[in-house]
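A short write-up of the structure that comes next.
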Amino acid sequence: MRTFLIAGNWKMHQNVAETKAYFNEFTKLVSKAPEGVSILLCPVYTSLHAAADAASSVDGLHIGAQNLHFEDKGAFTGEITAAMIKETGADHVIIGHSERRQYYNETDETVNKKTKKAIEAGLTPVVCVGELLEERKEDRHFDVVRSQVVKGLEGISKNDALKTVIAYEPVWAIGTGETASPEQAQEIHAFIRKELAGLYDEATAAEIRILYGGSMNAKNADELLSQEDVDGGLIGGASLKPDSFSEIVHFAGKIYSS
Ligand code: 13P
């Protein structure tokens, strides 16, 4: 049975002092991850060390970066390697977030290279896919998401695919307050799982976690996480406050044990 992953993407928020204060508060609200739930927080690079130190006291609490470079070293000003991320104590990395695709020229090809590099370095990649508003309006969302999944995972073995997390984030729902309905989320998550079964096999597809992201918060998380193929959330705004994020973590725990 799949377990939940409740992940927070802090984007470009929270310096080191704020990160420490956050964990101080959060670890009071969640002293260990509920059964069947893993927790992930992804701060900015400069806060990774402090976050990993603070997270080490909580069972099931993981830290991740928001990006990496696919090369091991070199003249890539401003970039960071998988090994450097690992060194901070982080064990996950977000790859191909729509903001990186939109503003930093991230493509399915770089997503694929980065995913392979993360796995090689022992980091769990959280590979983001999701359609733009006009693509949904034109009813092209299934094709867009299929292509992102297939190209993102190209050349990745079954064993390595099992180490991967997929995050479906419809771009029109990110930071807009507009969430996919639970039915819309379930429909496309089931579609992604079917694609994974085609790429690998049913058993592998059944094990890979597929997270939903896009305006998930303490009000709508319960219904979204109750969908059969929604295995967690990749949460932006609502992960910046320990109380709303911990509420979502506890919802997942309740759903798992019910
Ligand atoms: P919001 O939860 O703020 O919509 O952000 C979602 C997201 O982009 C997480 O990666």
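Just so it is clear, the structure is predicted and the values come from calculations on it, not from any experiment. Counting convention: from 1, in listed order, for ligands and their atoms alike. Count residues from 1 along the sequence. Values reported hereafter were calculated over all heavy atoms of this structure, with side chains retained and with hydrogens, waters and symmetry mates removed.
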Candidate pair E131 and W172, rule side-chain hydrogen bond (donor to acceptor under 3.5 Å, both in side chains), full reasoning:
CA-CA 8 Å; E131 79 283 1; W172 47 271; 2.9 Å; yes
Only one of R101, H97, E99 passes side-chain contact (heavy atoms from CB on, under 4.5 Å) with E106; say which it is.
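Looking at R101, H97, E99, the match for E106 under the side-chain contact (heavy atoms from CB on, under 4.5 Å) is R101.
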Work out whether the distance between some heavy atom of [X] and some atom of ligand 1 is less than 4.0 Å.
{"X": "A173", "value": "yes"}
{"X": "G214", "value": "yes"}
{"X": "G175", "value": "yes"}

Taking distance alone, with no angle check, do G236 and ligand 1 share an N/O pair under 3.5 Å?
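So ligand 1 has an N or O lying under 3.5 Å from an N or O of G236.
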For ligand 1 and I174, I'd like to know whether there is a polar contact (N/O to N/O, distance under 3.5 Å).
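It does not: no N or O of I174 is found under 3.5 Å from an N or O of ligand 1.
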Side chain, backbone, both or neither: which part of L234 comes within less than 4.0 Å of ligand 1 when only heavy atoms are counted?
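The answer is both.
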Nearest-contact summary for [atom] - protein heavy atom, Å:
{"atom": "atom 5 (O) of ligand 1", "result": "K11 NZ, 3.3 Å"}
{"atom": "atom 7 (C) of ligand 1", "result": "E169 OE2, 3.2 Å"}
{"atom": "atom 3 (O) of ligand 1", "result": "G237 N, 2.9 Å"}

Taking only heavy atoms of S215 into account, list the atoms of ligand 1 that are under 4.0 Å away from them.
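Matching atoms, with element in brackets: 1 (P), 2 (O), 4 (O).
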Any Lys/Arg nitrogen of K117 or E120 sitting under 4.0 Å from an Asp/Glu carboxylate oxygen of the other?
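Salt bridge present between K117 and E120.
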Kindly say whether G253 contributes a backbone atom to a donor-acceptor pair with the side chain of S257 at under 3.5 angstrom?
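Looks like yes, one N/O pair under 3.5 Å.
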May I ask you to decide if E154's main-chain N or O and K116's side chain share a donor-acceptor pair within less than 3.5 Å?
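Side chain of K116 to backbone of E154: a pair is present.
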Using only heavy-atom distances, determine whether the side chains of N112 and T115 contain a donor-acceptor pair under 3.5 Å.
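No, T115 and N112 have no side-chain donor paired with an acceptor closer than 3.5 Å.
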Would you say the side-chain atoms of Q186 and D229 include a donor-acceptor pair closer than 3.5 Å?
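On atom types as modelled, these side chains qualify, holding a pair under 3.5 Å.
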